[in-house]
Amino acid sequence: MSETQFGTGCHLHLIDGSAFIFRAYHALPPLTRKSDGLPIGAVAGFCNMLHRYVEGNTGPDAPTHVAVIFDKGSHTFRNDMYDQYKANREAMPEDLRPQMPLTREATKAFNIACEEIEGFEADDIIATLAVQARKAGGKCTIISSDKDLMQLVGDGVVMHDAMKNKHIDREGVFEKFGVYPERVVDVQALAGDSVDNVPGAPGIGIKTAALLINEYGDLDALLERAGEIKQPKRRETLINHADQIRLSRDLVKLDDAMDLPFRLEDLEVLDPDPEVLMPFLAEMEFRTLTKRIAAQLNVEEPVIEDKAPASDVPALEAVPFDQATYEHVSDAAALQTWIDLIYTRGYVAVDTETTGLNDMTADLVGVSLCVEAGHACYIPLSHKAAGGDDLFSDDTLADGQMPFDQCLKMLKPMLEDPSILKIGQNMKYDAKILARLNIDVAPIDDTMLMSYAMHAGLHGHGMDTLSERYLGHTPIPIKPLLGSGKSARTFDAVPVAEAVPYAAEDADITLRLWQVFKPLLHQSQVTRVYETMERPLVPVLTGMERSGIKVDRDTLSRMSNAFSQKMAGLEDEIYEIVGRKFNVGSPAQLGEILFDEMGLEGGKKGKTGKYSTGADVLEDLATEHELPRRVLDWRSLSKLKSTYTDALQTHINAETGRVHTSYSITGASTGRLSSNDPNLQNIPIRSEEGRRIREAFVAEQGKTLVALDYSQIELRILAHIANIPALKQAFADGHDIHAMTASEMFDVPLDEMTPDIRRQAKAINFGVIYGISGFGLARNLRIPRSEAQGFIDRYFERFPGIRTYMDDTKTFAKEHGYVQTLFGRKIHTPNIGAKGPQAGFASRAAINAPIQGTAADVIRRAMIRMPSAIKNIPAQMLLQVHDELLFEVEDSAVDDLIGAAKDVMENANEPIVKLDVKLTVDAGQGNNWAEAH
DNA sequence: ACGCTCACG
DNA sequence: GACGTACGTGAGCGTA
């Protein structure tokens with residue numbers, strides 16, 4: 001090939017590679033390669049942009065020479081000048097890191113020169129090349145919108161903002177900086193840059209900087225004559241920070257005289273070689289792009305195999321489960337071998353064995369690891385020696401275990417290493433156990449959450465279920481190891497030899513599940529749900545659960561006593577009425593007394609042959625007899641005492657003095673969380689007596705509890721999804737939504753609204769969310785069924801979008817077997833086509849799921865964004881109750897917290913879902929949860 | 001282990 | 001035309 005000397009008539013294009021990559025990364029959802037789940041979204045976007053760029057390069061401005069310039073390494077000569085340079089930079093996203101080398105490969109595949117130099121930023125290389133091109137008499141176009149490059153513009157060098165498709169010349173730079181390119185560095189030196197952490201002069205921005213530079217000519221003149229500045233503050237700033245400003249100039253000034261190991265001539269534009277490009281695109285499995293480019297180059301399109309994952313991945317089936325292959329690691333040398341192996345892989349499945357099920361109290365007993373199917377180990381750490389009945393043998397450790405601290409010290413760097421992916425099944429549990437030992441496990445993948453993203457509504461997501469369904473393997477049961485009932489023991493009492501196969505197998509199963517799920521995730525189109533609404537929730541919940549909430553034992557204890565006394569009084573009255581003692585808490589005994597002995601009407605037996613004595617039944621009976629009311633009162637006290645005032649005390653953690661719930665991410669099929677051990681999502685509020693239990697949930701001294709809750713979020717989402725103009729308008733106007741519904745339905749003007757009519761409309765509004773039926777509404781409102789049906793007909797008539805939504809949703813569910821939230825979460829509805837009453841349940845659940853699920857997605861997104869939004873506020877997020885978040889805040893920061901957290905919550909749908917109805921959040925605060933709400 | 005009842009959104 | 005029915009949870013208790 002003949003080489004053209006670079007000179008007049010030549011045109012060099014320089015592409016800012018990092019800018020391309022980050023734009024590609026953020027513009028696309030987290031796509032993964034189908035065959036193996038490799039994150040590939042940024043590479044895909046990068047290739048598309050590169051291709052579009054090449055395609056658009058025709059006409060007089062087409063390049064004769066071109067290169068993509070990348071940054072290399074994070075340490076540059078600027079860090080030696082100023083150690084804080086770019087120190088604020090957020091770490092590269094986990095799923096982007098492995099894509100960086102692929103973007104270089106992509107560039108070469110397109111036959112475009114690809115340059116990077118250790119210790120220099122791409123900007124310096126670009127500067128050097130631009131200056132060389134200018135000196136040689138050619139033109140240069142820099143494809144970037146980075147303002148740091150604007151100092152290069154002029155005299156044949158222009159910039160091109162590919163995003164806005166706009167050229168930036170000398171005038172464009174003046175527009176941006178208020179000075180021409182040769183003075184841009186001076187302005188930047190004064191204004192500083194928070195993104196790159198260039199200090200500049202405090203209090204001086206671009207506007208002021210340009211003003212000063214234009215007045216004094218240049219930075220040196222300005223600093224020399226700073227004393228002449230009239231404004232005292234500005235003058236002081238410039239005099240006091242002169243050194244810092246000069247340093248800033250050195251930081252922003254690009255090095256345009258580097259020694260480059262290549263020449264301009266090496267960058268000559270070349271046609272892509274289909275022999276190189278096509279295989280690359282095929283390897284990346286970019287189906288559309290491969291097809292398009294093959295057509296343009298007029299070559300045959302390579303075959304991209306549709307590698308089906310799951311059961312027919314042969315590699316997975318080829319390795320049978322074999323307990324004999326599991327390794328017992330008992331010393332540092334063996335552990336080091338495993339750690340080295342993990343580093344060569346970049347990922348590892350991890351499982352912990354502990355002394356219990358509560359991750360706030362259980363102790364670590366051992367750790368298992370797995371790097372590939374069948375290759376797993378168990379590291380026992382605190383198994384106890386079998387000591388028989390000897391009381392003193394309890395603390396003796398079993399043989400074959402390495403020292404606890406030594407093991408953790410070795411594992412910690414790996415578990416915390418951002419380049420090693422830790423895979424777990426319900427990682428929140430293991431992460432919390434390890435967090436209590438001062439190990440912050442990250443980054444993580446979680447097979448339970450992957451299954452949830454793909455299979456919610458289909459089946460559970462426990463390891464046993466998943467292993468049987470997706471690996472065809474029944475795991476070793478834990479029961480025989482631990483025993484049950486009186487002879488039950490904890491895992492530390494299990495002999496090491498028995499523990500190894502059980503524990504190692506769990507890690508083996510987890511790794512295999514991950515291999516199966518990773519490609520399926522993308523195929524099910526739930527990668528975004530998993531990556532943005534499941535995986536990032538784990539560290540957030542870990543933080544909340546570990547924080548816990550302070551609960552005042554004395555308050556609960558006093559309430560328990562008061563409830564006891566009242567119950568005793570009621571019991572006396574009840575026995576008096578009945579004529580003998582019996583167990584008031586036994587629905588069976590009560591039913592017989594009410595309906596057989598006393599002969600009250602309305603007794604209905606359920607399928608177990610027992611009378612129903614639920615609250616609604618007793619409520620009806622209360623009008624004709626005095627007993628049911630007493631029982632109702634007794635029951636409500638009994639509930640408050642046993643479930644709350646008594647049980648909560650037992651949940652106060654001995655170490656922290658606080659109550660730590662555990663959230664289940666996969667508990668509810670709709671995307672809601674559930675709370676257990678204890679459940680803090682059902683603390684009483686509806687009755688005054690119950691509400692007072694919230695007084696026991698308190699803030700620490702000097703702190704305040706702040707409750708933020710979404711106002712009518714489900715109805716707002718319904719108004720949006722079902723597209724009900726009247727509802728939307730009412731929310732936009734801030735009207736009372738139930739009163740508006742009532743007015744619309746019953747033709748009652750708003751100013752004549754009665755509480756009773758409003759109450760009925762409210763019941764209908766909620767009924768709609770639940771998949772309304774005449775029967776259900778009738779029972780709820782205690783009105784004849786025909787009347788209830790009339791209300792519903794009327795409602796549909798006035799808001800026809802509701803009926804359409806319900807019908808469409810049912811049709812979609814029948815066709816696809818699932819329904820979706822606005823954010824793409826899938827909720828499966830396997831019973832939708834069933835015969836019999838199941839079908840009714842399934843269709844109402846299908847109607848409710850997108851509404852409840854979308855609301856759940858919104859608050860999940862808010863929670864995930866919360867930690868970074870409040871990181872500078874002395875506040876902790878403690879609890880989530882479906883549409884409410886509870887915080888504990890230092891007294892002085894309450895307003896800051898409310899401002900920041902409310903903003904996050906009200907915009908949590910953005911940017912991927914636009915709502916026609918705005919989300920509103922109400923705030924409350926106080927020393928206890930009753931006051932805060 | 002299971003159903004009933006009832007606490008919450 | 002009949003059949004059952006509001007959606008989603010977790011916990012304590014009685015009873016098998």
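The chains referred to below are lettered A, B, ... by the order of the sequence lines, with proteins before strands, and numbering in each begins at 1. No hydrogens, no waters, no symmetry mates; every other heavy atom, side chains included, goes into these values.
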Sub-3.5 Å pairs of nitrogen or oxygen atoms, protein against nucleotides 11-13 of chain C:
residue: C:dA11; atom: OP1; partner: A:Asp677; partner atom: N; Å: 2.7

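With the nearest nucleotide of DNA chain C identified for both A:Ala668 and A:Ala588, A:Ala668 has the one nearer the 5' end.
If you check distances only, the side chain of A:Arg785 does reach the base of C:dG4 with a donor-acceptor pair under 3.5 Å.
A salt bridge links A:Arg580 with A:Glu597: the closest approach of a Lys/Arg side-chain nitrogen to an acidic carboxylate oxygen falls below 4.0 angstrom. Contact check on A:Arg694 versus A:Glu931 returns no salt bridge, with no Lys/Arg side-chain nitrogen under 4.0 Å from an Asp/Glu carboxylate oxygen.
Rounded to whole angstrom, the span from the CG atom of A:Asn848 across to the C1' atom of C:dT9 amounts to 12 Å.
For C:dT5, the OP1/OP2 oxygens have no side-chain nitrogen or oxygen of A:Gln838 closer than 4.0 Å. Under 4.0 angstrom from either OP1 or OP2 of C:dG8 there lies no side-chain N or O belonging to A:Arg672. Not one side-chain nitrogen or oxygen of A:Arg779 sits closer than 4.0 Å to the OP1 or OP2 atom of C:dT5.
Residue-level contact check: A:Thr613 touches the backbone only, with heavy atoms under 4.0 Å from sugar-phosphate atoms and none from bases. Using a 4.0 Å heavy-atom criterion, one finds that A:Ile847 contacts no nucleic acid atom at all. Heavy atoms of A:Phe766 sit nowhere under 4.0 angstrom from any nucleic acid atom. If you check every strand for non-hydrogen atoms under 4.0 Å, A:Gly614 touches sugar and phosphate atoms only. Among the protein residues, A:Ala856 comes within range of no part of the nucleic acid, since none of its heavy atoms lies under 4.0 Å from any strand. Among the atoms of the strands shown, base atoms are found under 4.0 Å from some heavy atom of A:Ile772. At the heavy-atom level, A:Glu884 lies nowhere under 4.0 Å from the strands shown. At the heavy-atom level, A:Arg691 lies nowhere under 4.0 Å from the strands shown. Here A:Gly667 lies in heavy-atom contact (under 4.0 Å) with sugar-phosphate atoms only. Counting any heavy atom pair closer than 4.0 Å across all strands shown, A:Ile851 reaches no nucleic acid atom. Contact annotation for A:Ala839: no contact, since no heavy-atom pair falls under 4.0 Å across all strands. Looking at heavy-atom distances under 4.0 Å, A:Asp883 makes contact with sugar-phosphate atoms alone, never a base.
Here C:dT9 is the nucleotide among C:dT5, C:dT9, C:dG8 with the atom lying nearest to any side-chain atom of A:Ser674.
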Q: Go through A:Arg658 and A:Ile652 one step at a time and tell me if the side-chain contact (heavy atoms from CB on, under 4.5 Å) criterion holds.
A: CA-CA 5 Å; A:Arg658 295 164 76 96; A:Ile652 298 174; over 6 Å; no
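Across A:Glu884, A:Arg672, A:Gln880, a single residue satisfies side chain to side chain donor-acceptor pair (under 3.5 Å) together with A:Gln681, and that is A:Gln880. Applying side-chain contact (heavy atoms from CB on, under 4.5 Å) to A:Arg716 and the options A:Leu915, A:Thr920, A:Ile737 leaves one that passes, A:Thr920. When each of A:Lys432, A:His660, A:Met360 is checked for a side-chain contact (heavy atoms from CB on, under 4.5 Å) with A:Glu545, only A:Lys432 meets the rule.
With hydrogens and angles left out, the side-chain atoms of A:Asp857 and A:Thr821 include a donor and acceptor closer than 3.5 Å.
Comparing C:dG4 with B:dC8, their P atoms sit 30 Å apart, to the nearest whole Å. Comparing the same atom, P, in C:dT5 and in B:dT5 gives a spacing of 14 Å after rounding to whole Å.
Screening residues 844-854 of chain A for side-chain hydrogen bond (donor to acceptor under 3.5 Å, both in side chains) gives A:Thr670-A:Gln852, A:Asn848-A:Gln852 as the qualifying pairs, with residues at least two apart or on separate chains.
At least one donor-acceptor pair closer than 3.5 Å links the side chain of A:Asp446 to the backbone N or O of A:Asn426.
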Under 3.5 Å donor-acceptor pairs involving side-chain atoms of residues 565-575 of chain A, not counting sequence neighbours:
residue: A:Lys566; atom: NZ; partner: A:Glu689; partner atom: OE2; Å: 2.8
residue: A:Glu571; atom: OE2; partner: A:Trp634; partner atom: NE1; Å: 2.8
residue: A:Glu573; atom: OE1; partner: A:Arg630; partner atom: NE; Å: 2.3
residue: A:Glu573; atom: OE1; partner: A:Arg630; partner atom: NH2; Å: 3.3
residue: A:Tyr575; atom: OH; partner: A:Phe582; partner atom: O; Å: 3.3

Identify all side-chain donor-acceptor contacts of residues 768-791 of chain A below 3.5 Å with residues at least two apart in sequence or on another chain.
residue: A:Ser773; atom: OG; partner: A:Gly776; partner atom: N; Å: 3.0
residue: A:Arg782; atom: NH1; partner: A:Asp620; partner atom: OD1; Å: 2.4
residue: A:Gln789; atom: NE2; partner: A:Asp793; partner atom: OD1; Å: 3.1

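Extent of DNA chain B lying under 4.0 Å from chain A heavy atoms, first and last nucleotide in 5' to 3' order, is B:dG3 to B:dG9.
Few gaps surround CZ on A:Arg794; more than 12 heavy atoms of other groups in view lie less than 6.0 Å from it.
Ring pair A:His455/A:His461 is parallel by interplanar angle, where below 30° counts as parallel and above 60° as perpendicular.
Taking a pair as Watson-Crick or G-U with both hydrogen-bonding distances under 3.5 Å, the stems of three or more pairs touching DNA chain C are B:1-9 with C:7-15.
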